[in-house]
Amino acid sequence: MLDVKLLRTHFEEIRKRLETKGEDISDLDRFPELDQKRRQLLQEVEELKNRRNVVSQEVGRRKRNQEDASQLVEEMRQVNEQIKKLDEALRQCEAELNALLLRLPNIPHPSVPLGDSEEDNQVIRSWGEVPHFSFEPKPHWQLAEELDILDWEAAGRVTGTRFVFSKGLGARLERALINFMLDVHVDEHGYQEMWPPFLVHRHSMIGTGQLPKFEEDAFKVEGEPYYLIPTAEVPVTNYFRDQILDGSQLPITFAAYSACFRSEAGAAGRDTRGLIRLHQFNKVELVRFVKPEESYEQLEILTQQAEKILQLLNLPYRVTAICTGDLGFAAAKKYDLEVWLPAANTYREISSCSNFEDFQARRANIRFRREPKAKPEYVHTLNGSGLAIGRTVAAILENYQEPDGRVRIPEVLQPYLGGRLYLE
RNA sequence: GGAGAAAUACCCAAGUUGGCUGAAGGGGCUCCCCUGCUAAGGGAGUAGGCGGCUCAUGGCCGCGCGAGGGUUCGAAUCCCUCUUUCUCCGCCA
């Protein structure tokens, strides 16, 4: 959510910056009028309420003194009629204003490259050697089927399309990667480990920005007020909703595993094979709550910590700065980590690291005090995948494959897989 | 899932025959006084927060006693709904 006061005072400037996202923001035009109307109604109704408070005291005083107050009571009946009407108008005005504000995206940071689509994202740096194969590298789904570690057909029978069973060493590899990533982030990067609820209520989804605008992307539990989380970002960021944090404790950082559930409403026909785009996948997520003046420095740290996992796994990747048109709803700035997939001969996103500034903090009402008595300020929130497990499995299978169909296990994972050297 | 109890400020806690209680009292904390130091003692302060107005920046006003509604001229106090916590029972990994 954007700062209403900023919107009021820098309207044209904000509109220009939002337009760089290429989204339809025509709603924004209704803001000045609604904002103005709201304040006017508020002033009127508060004046009447003040009158009511003063007169009610007088009624009490008169009754104690056995004096007549019937005229005042009658007057207040009429005032109350007025208050009721104005309150209702105000409530409606605020609801409209709020609905508008909740659908406005975040403002891109000045350092974000301008652009219309992912075509305009900028490669910041690359790491690792793209492997050269003496044979035609197989796609990960084919390798997995031959190794009998992923079963799509069974998942189709049991649940439906875009779900998968991992089994045997495939299941163990998922578990190994979760443990490995959490261990690195907790032991080496200082994150506090967290295992969150996988279902949240609507307010949490609004808090991080998934709702109200992207209802069709979320799985909702029928008959219950719960949504399946699309990422651990949702429960973990909302962990501090409506809290005022102690500024001396910042930055506060969490590393959380969760299963992630996405309906991928608009993705029919894309990446229909393999582990790239599923309705359910595992992910280790990093979340940081920081002071506003530190958040861009913290974004660099966060990104490097996610990169560290790819480096330890020795998977080639590149970092891209997402352009304004591809930034998404809530982020002010975003880096993607893209891992090399040999069979597709391309880089694919395996992590997104974003600074949301105070956009989520306003929605979820997460604040901090610099000093014990200081005025509360909104924190800045950041998060990044550290990493998506399924896509990591895909990358390992494809990058570590051997001519005979076996797949070497990255050295750092070997202890997690009982000392094995190969998936075979 | 069933039955019961509770929710008031940093903590504990009074207040439920509706009106000088936006909230007693205690603890804690901050400042001051006193004592050579410490302890003890005396005094003062301690509702944050959100929003609006005004800007002399210090004020004024509205909301606010778990949350949301309602009754009333007036609600911490009466009514309804919800949430959370605790106890007991049931069920379960």
Side-chain angles (χ1 to χ4, degrees), chain A residues 1-9 11 31-102 175 195-207 221 223-227 235 238-249 257-259 358-379:
Chain A
M1 185 137 63
L2 302 182
D3 180 359
V4 172
K5 283 179 184 147
L6 194 72
L7 209 42
R8 196 179 289 154
T9 51
F11 185 73
F31 172 81
E33 178 211 329
L34 278 172
D35 179 53
Q36 179 65 36
K37 186 175 158 200
R38 169 178 170 269
R39 284 185 294 160
Q40 192 180 337
L41 283 168
L42 195 58
Q43 240 171 297
E44 284 174 31
V45 77
E46 285 189 355
E47 207 167 297
L48 289 176
K49 283 180 178 176
N50 177 243
R51 172 93 183 123
R52 180 175 71 184
N53 288 344
V54 169
V55 171
S56 287
Q57 284 218 344
E58 175 62 14
V59 171
R61 198 191 61 79
R62 288 198 187 178
K63 290 216 167 164
R64 269 194 307 281
N65 296 340
Q66 317 280 320
E67 293 171 35
D68 176 52
S70 55
Q71 197 189 326
L72 292 179
V73 169
E74 184 49 41
E75 187 198 333
M76 282 311 101
R77 277 213 184 92
Q78 287 168 23
V79 168
N80 269 338
E81 291 279 308
Q82 274 293 315
I83 289 176
K84 222 170 192 170
K85 268 188 222 154
L86 287 172
D87 259 340
E88 175 54 27
L90 182 63
R91 195 198 57 74
Q92 205 169 342
C93 180
E94 285 185 334
E96 272 181 67
L97 189 60
N98 208 252
L100 187 158
L101 290 171
L102 284 176
R175 179 160 59 90
W195 204 288
F198 292 1
L199 276 69
V200 295
H201 57 47
R202 185 176 175 80
H203 302 290
S204 291
M205 292 286 276
I206 290 172
V221 180
E224 302 280 349
Y226 301 133
Y227 289 82
N238 279 283
Y239 181 76
F240 287 129
R241 73 182 357 268
D242 295 322
Q243 301 288 304
I244 300 178
L245 307 175
D246 173 358
S248 70
Q249 304 290 309
Y257 158 77
S258 87
D358 62 7
F359 188 80
Q360 294 180 325
R362 278 177 197 283
R363 293 174 154 242
N365 193 26
I366 306 168
R367 293 171 293 166
F368 77 103
R369 277 186 227 279
R370 286 179 192 276
E371 307 292 335
K373 297 273 178 188
K375 248 187 105 59
E377 302 171 52
Y378 289 106
V379 299

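Predicted model, so just to flag it, every value in this text is computed and none were measured. Throughout, protein chains are lettered first and strands after them, A, B, ... in sequence-line order, and every chain is numbered starting at 1.
Rounded to whole Å, the distance from CD1 on A/Ile83 to C1' on B/G74 is 12 Å. At whole-Å resolution of the value, CG in A/Leu245 and P in B/G48 are 20 Å apart. Separating the CG atom of A/Leu48 from the C1' atom of B/G52 is a distance of 14 Å, rounded to the nearest angstrom. Rounded to an integer number of Å, the gap from A/Arg369 CZ to B/G49 C1' is 8 Å. In this structure, A/Lys37 places its NZ atom 21 Å from P of B/G51, rounding to the nearest Å. One interatomic measurement links the two molecules: CG of A/Leu41 to C1' of B/G51, which rounds to 14 Å at whole-angstrom precision. For A/Ile244 and B/C50, the CD1 to C1' distance is 10 Å, given to the nearest whole Å. Between A/Leu42 atom CG and B/C53 atom C1' the separation is 10 Å, expressed in whole Å.
Contact annotation: the side chain of A/Gln360 never approaches that of A/Arg363 to less than 4.5 Å [non-hydrogen atoms, C-beta and beyond]. Residues A/Gln40 and A/Glu44 have side chains in contact (heavy-atom distance under 4.5 Å, counting atoms from C-beta outward). Between A/Leu7 and A/Asp35, every side-chain heavy-atom pair lies at or beyond the 4.5 Å cut-off. Side-chain contact between A/Leu102 and A/Met1: present, with at least one pair of heavy atoms (C-beta onward) separated by less than 4.5 Å. A/Gln82 has its side chain out of reach of A/Arg52: every pair of non-hydrogen atoms, C-beta onward, lies at least 4.5 Å apart. Looking only at side-chain heavy atoms (C-beta outward), A/Val379 and A/Leu245 come within less than 4.5 Å of each other. You'll find the side chain of A/Val4 reaches within 4.5 Å of the side chain of A/Arg8, heavy atoms only. Considering only heavy atoms from C-beta on, A/Arg369 stays 4.5 Å or farther from A/Asp246 through its side chain.
Look at A/Arg367 and you'll find a side-chain N or O under 4.0 angstrom from OP1 or OP2 of B/C50. Listed pair A/Lys375 / B/U57 fails the phosphate criterion, with no side-chain N or O lying under 4.0 Å from OP1 or OP2. A/Arg8 has a side-chain polar atom (N or O) that falls below the 4.0 Å cut-off from OP1 or OP2 of B/G52. Distances shown here put a side-chain N or O of A/Arg39 below 4.0 Å from the OP1 or OP2 atom of B/C53.
In this structure, B/G41 forms a base pair with B/C33, meeting either the Watson-Crick or the G-U wobble geometry with both donor-acceptor distances under 3.5 Å. Across every strand in view, B/A5 sits in a pair with B/U85 that passes the Watson-Crick or G-U test at under 3.5 angstrom. With a cut-off of 3.5 Å on both pairing distances, B/G48 has no Watson-Crick or G-U wobble partner at all.
Spacing of C1' atoms, B/C50 relative to B/A56, comes out at 25 Å, to the nearest Å.
Residue contacts shown for A/Arg91 are absent, as no nucleic acid heavy atom lies under 4.0 Å away. Among the heavy atoms of the strands lying under 4.0 Å from A/Val59 is at least one base atom, whether or not backbone atoms are also near.
Comparing B/G19, B/G52, B/U71 against the side chain of A/Gln43 picks out B/G52 as the nearest.
Remark: A/Asn80 CG to A/Glu75 CD distance equals 10.5 Å, nearest 0.5 Å.
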Where protein sits on nucleotides 58-68 of chain B, one letter per nucleotide: B base, S sugar-phosphate only, - none, heavy atoms under 4.0 Å
---BBS-----

Taking protein heavy atoms under 4.0 Å as touching, what does nucleotides 75-80 of chain B look like 5' to 3' if B marks base contact, S marks sugar-phosphate-only contact and - marks none?
------

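Not a single donor-acceptor pair under 3.5 Å links the side chain of A/Arg362 to the backbone N or O of A/Leu2.
Taking the six-membered ring for Trp and thresholds of 30 and 60 degrees, A/Phe31 and A/Phe11 have nearly parallel ring planes, at less than 30 degrees apart.
A/Glu88 pairs with exactly one of A/Lys84, A/Lys85, A/Arg91 by the salt bridge (charged side-chain N to carboxylate O under 4.0 Å, His left out) rule, that one being A/Arg91.
Listed by residue number, the members of residues 66-79 of chain A with any heavy atom below 4.0 angstrom from RNA chain B are A/Val73, A/Met76, A/Arg77.
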